[in-house]
Amino acid sequence: MLELDRLVITQDDFRLAADFSIPKAARVAVIGPSGAGKSTLLSVISGFFRPESGRIRWDGQDITDTAPGLRPLSILFQDQNLFPHLTVSQNVGLGLRPDLRLTAADRARVDEALARTGLDGLGDRRPGTLSGGQQSRVALARVLLRARPLMLLDEPFAALGPALKDEMLELVADIAGETGATVLMVSHDPADALRFAGLTVLVADGVAHAPRPTAALMADPPEELAAYLGRPG
Amino acid sequence: MRTTQVSTLIVAGSLAAAPAAAAPVLTVYTYDSFVAEWGPGPAVELAFEADCGCDLQFVATGDGAALLARLLLEGAATDADVVLGLDTSLTARAAASDLFAPRPATAASFALPLEWTDPTFLPYDWGWFAFVYDKTLVDTVPADFEALAASDLKIVIEDPRSSTPGLGLLLWVKRAYGDRAAEIWQGLADNIVTVTPGWSEAYGLFLEGEADMVLSYTTSPAYHLIAEGDDTKAAAPFAEGHYLQVEVAAKLKSTRNSELADRFLNFMTTEAFQSVIPGTNWMYPAVTPADGLPKGFETLIQPEKTLLFPPEEAVSVRDPALAEWQTALSR
Amino acid sequence: MADGAQPLGTWLRLAAGGAAALVAALTVVPLGAVLARAGGVVMLGPADWAAVRFTLLQSTLSAAISLALAIPVARALARRQFPGRGLLITLLGAPFILPVVVAVMGILAIFGRGGLFNDGVAALGYGRISIYGLGGVVLAHVFFNLPLAVRLLLQGWLAIPAERFRLAAALGFGPAEVARHLERPMLKALAPGIFATVFLLCLTSFATALILGGGPRATTVELAIYQAFRFDFDLARAAALASLQLALCAVTALAAARFAVPAAFGTGLDRPFARWDAQGSARRWLDAGLIGIPALFLLAPLAAVVLSGMPGLVSLPAPVWKAAGRSALVAATSTGLTLALALPMALAVARSGRARTLEAAGMLPLATSALVTGTGLFLILRPLASPAALALPVTVAVNAVMALPFALRSLTPPARDLEAGYGRLAQSLGLTGLARLRLLTLPRLRRPLGFAAGLTAALSMGDLGVIALFADSDRATLPLELYRLMGAYRMEDAAGAAVLLLALSLAAFWLLDRGGRADAGT
């Protein structure tokens, strides 16, 4: 269970409060107007931005002051998810050992992850020679190997076409299913939320609201969400 | 087994160390070019060590001015027994430091153009400053500073603030012209191509053809003649006379090898030392060797008049003369 | 988004702190030792202030002109590919790494009274031009520093991700738009630092300024220090002048850090570098001229040095070869030390976001007077060990610290980009310590590291840190041997030694900078 305990995030005159928890293995969409603080919330959970006050706990353990790499989570950013000078295999291998001292067994696992994400035979290529969809798959292969219990997705597939994006979301769902991970996904698209996420956190007007079942939320949107969705409330 | 090895090592070590420990070390501070492979240092060391039963060690520091600066920095704590390579522009300040002991009496007769009476500093070589030119390129050789100033010959000189020849030229003009020195410098201003930090740069520029004449020594043509077989270089004799530079050595008061130091200073006036000087330092030896000077030196000009400020006076005229020089050349 | 500053690891904190301490130990501490020995400073006289004014004037002019000329040259080099480009870029670095006296002789062989340029002017029926004076000083400083500025700027151009140029091409940008949207932001980030570097280099110029300045009008602060030390043995005045020089350096370095605007180009995917703008034959010819004319200006004096030295090269005396070996050793050691100092400092500056003090500390060596540093070190170290025994270690340490500003100038901007682009990803993956160094820092900074290493090796070969007080006559380095030969009338041997020095420096630069060239294409 991920607990955000009276979390307050401030940056200049921006302020965001969050006080809720997310059950284990849930898939949660984070939705809200641009600039509301969705990415910032993920940044705080992943440890790149220090909250003003409040605590973050995973399974009861306080991780507020833990270094990003040591937190029980994997994050995919909007961009820069791969090191361009490393090969695909190396980028994925970082998920097993950040120093890349891989054993034969580790290498086999990397190959397996590549196969699993449809990247067979591309291990020696560099990211610059891959398509956008393939680049996303490489990042996901690494998430698969890291097998952290929490996955944060900060719109990593925003640049992909609808079909490709659906494909990626399915892959995410599969991986989460396999590893039993909890997923937090920033999204702009209510359809994605409906299809992918059982719960939705609405971020608006300085508050990240407690998660509610997505279907119910979309069926009866509160005022802020209705405004965002462009429907009368 | 192990003990035996160790004791053997100790015995062997002490045997090897014994003669070296017995031989006293004489430390001589000098300027860098003295110890270069082509300088006098190697031959001098060989000759002195042949019968002194000592280890002569040269420690080289830049040029004469840097050498004195080092001694002043070290003070009485210096390792030096003897310093070799100060010159007449530095002796007054060196004497004022009170670091030096009187030189031993010597029977040698100095072949200097002036009588040498200094009780501390022992002369080992000397030369006259002069403007050197290429005979094939300069038709009308100026006979004095005024003629040089009136000519359109281009000269390169050294800066008196950073080099000994530069300072020598400053004192030369001052000694020859006294109150008219500023006027002479003003006259020379349009002849001076540039002023260099040291002798090497000036001489290099001259050889590259940047100037018709360079401030150097009357002995400079001897190098070209003897070492290169090139007889085109000559020094211009000036009617005012030529300023003298004498290079000297002295014993440090703080030395623990006083006798050995005296022995070295005496050695410096002997044939073994003096005969090395002309062909390595390209200066006149302070004591003429029995065989005379190397062939080629007889072709050099012999100034009729020698100029030199007494050491204390050289110090007192230095600053006003420098101010005149700077004003005249900064117009 | 993130608050920029990343925590510095313990090892990085220690390494950067240690590097800064060593810089201080070789700059501020020796000055303090001289001050202590002198018992204080004295008020500077009018002649000293005249020297300060001339120094500031010539430094400002030299830096402004070097930078102004370097921008079009670097731009032309960045957008053109042609055979021999890599070789040309290496050769262009040569003036910067030559010992001053040798380079000045080369300049005079072309621009001097009897130089080729004046022969040409005379053949056309015009009067010969005298190089001596402020113009000559600035000309020589541009000759020395234009190549440095070009190389540093070229790095900036190559650091703009290929994706941005692709985008520019897609948007139909011509040279003007590329300049406005890509090149100008890059220049705003780099130019202040480069200007400051060249300015500070010229600030301590001494031999060049005097030889080409034509007389006492061209008295620089460094010459005034020289005079105070040698002519008057006035340590108090030497220390006062050196303090002033250091203060000017600190102000300049802080100002440069203040005015530099980070470019924030983001990162690319290492796609092959290609340019689509500036097509058309008029622009091609323009760039050919922009590359060709400075190349001629920089290479002609070098050619003169080589030509005059070739005859002497075959008959060099044995000590010169030994000295060359020693210099190579000194260069290799100094290079290792410089990189060990520069990399942690650059990373610390890049990560902590606001490390102007650390950045400025890295510039201090540029404005230290070699004479005062040498004297201070001598005062400090002499009670501990024999100066001759310390000659090589001191030479290595001083060379390493003197080269540090150039290494930092080359490393800091890419280190910033690296942190901005990949710092978060590395953190999220727990990529830390040595693994991060090996897998991220070293491979991504390969190009600036190679350049910094090449520059340091070449500069150390030419001995930035010749300190007369420590000179060990039996173990002279090549530049010292060269000066000795010149001092003993052996100009032909000296010219030969200069060619050897040039060849060694360029070889070291070429080898180490290969990483940079490999990426630069061709």
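Nothing here was measured: the structure is a model prediction, and the numbers come from that model.
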(Q) Donor-acceptor pair, distance only, cut-off 3.5 Å: does the side chain of B/Arg318 make one with the backbone of C/Phe231? (A) yes

**Q.** Residue B/Ala77 versus chain C: region with a heavy atom under 4.5 Å
**A.** both

(Q) Quick check on C/Pro383 against chain B: is it the side chain, the backbone, both or neither that has a heavy atom closer than 4.5 Å? (A) neither

Q) Should B/Arg161 and C/Thr219 count as side-chain neighbours, where that means a heavy-atom distance under 4.5 Å? A) yes

Q.
Let me confirm one number: the CZ-CG distance from B/Arg93 to C/Asp232, rounded to the nearest 0.5 Å.
A. 7.0 Å

Q. Quick one: of B/Leu207, B/Asp79, B/Ile192, who has the most non-hydrogen atom pairs under 4.5 Å with chain C?
A. B/Asp79

Q.
Please classify the contact of C/Leu485 with chain B as side chain, backbone, both or neither, using a heavy-atom distance under 4.5 Å.
A. both

(Q) With rounding to the nearest 0.5 angstrom, report the NE2 to CE distance, B/His224 to C/Met491. (A) 8.0 Å

Q: Answer with side chain, backbone, both or neither: which region of B/Glu201 has an atom nearer than 4.5 Å to a non-hydrogen atom of chain C?
A: both

(Q) Quick check on B/Glu210 against chain C: is it the side chain, the backbone, both or neither that has a heavy atom closer than 4.5 Å? (A) both

Q. Chain C: which of B/Thr196, B/Thr30, B/Leu72 shares the most heavy-atom pairs with it under 4.5 Å?
A. B/Leu72

Q: Measure the OH-NZ distance between C/Tyr132 and B/Lys154 for me, rounded to the nearest 0.5 Å.
A: 10.5 Å

Q) Which of the residues B/Ala227, B/Ala323, B/Pro160, B/Gly198 is involved in the greatest number of heavy-atom pairs with chain C at under 4.5 angstrom? A) B/Pro160

Q. Non-hydrogen atoms of chain C under 4.5 Å away: do they reach the side chain of B/Tyr203, the backbone, both or neither?
A. both

Q: Would you check, one step at a time, whether the test side chain to side chain contact (heavy atoms under 4.5 Å, CB included) holds for C/Gln227 with B/Leu322?
A: CA-CA 11 Å; C/Gln227 179 188 358; B/Leu322 181 68; 3.4 Å; yes

Q. When you check the side-chain N and O atoms of B/Ser220 and C/Tyr489, is any donor under 3.5 Å from an acceptor?
A. yes

Q. With a 4.5 Å heavy-atom cut-off, do B/Asp63 and C/Arg230 have their side chains touching?
A. yes

Q: Go through the atoms of C/Leu235 and report whether side chain, backbone, both or neither lie under 4.5 Å from a heavy atom of chain B.
A: side chain

Q.
Measuring only between side-chain heavy atoms, which start at C-beta, is B/Leu73 closer than 4.5 Å to C/Arg37?
A. yes

Q. Hey, does the side chain of C/Arg484 reach the backbone of B/Ser33 with a donor-acceptor pair shorter than 3.5 angstrom?
A. no

Q: Rounded to the nearest 0.5 Å, what's the gap from CG on B/Leu205 to CZ on C/Arg113? Could you check?
A: 11.0 Å

**Q.** Value rounded to 0.5 Å, distance of CD in B/Glu74 from CG in C/Leu379
**A.** 9.5 Å

Q: Look up atom CG in B/Leu71 and atom CZ in C/Phe233, then write down how far apart they are to the nearest 0.5 Å.
A: 9.5 Å

Q. Quick one: are B/Thr194 and C/Leu212 in side-chain contact, heavy atoms under 4.5 Å?
A. no

Q. Which answer fits B/Leu167, side chain, backbone, both or neither, if we ask what part of it has an atom under 4.5 Å from a heavy atom of chain C?
A. side chain

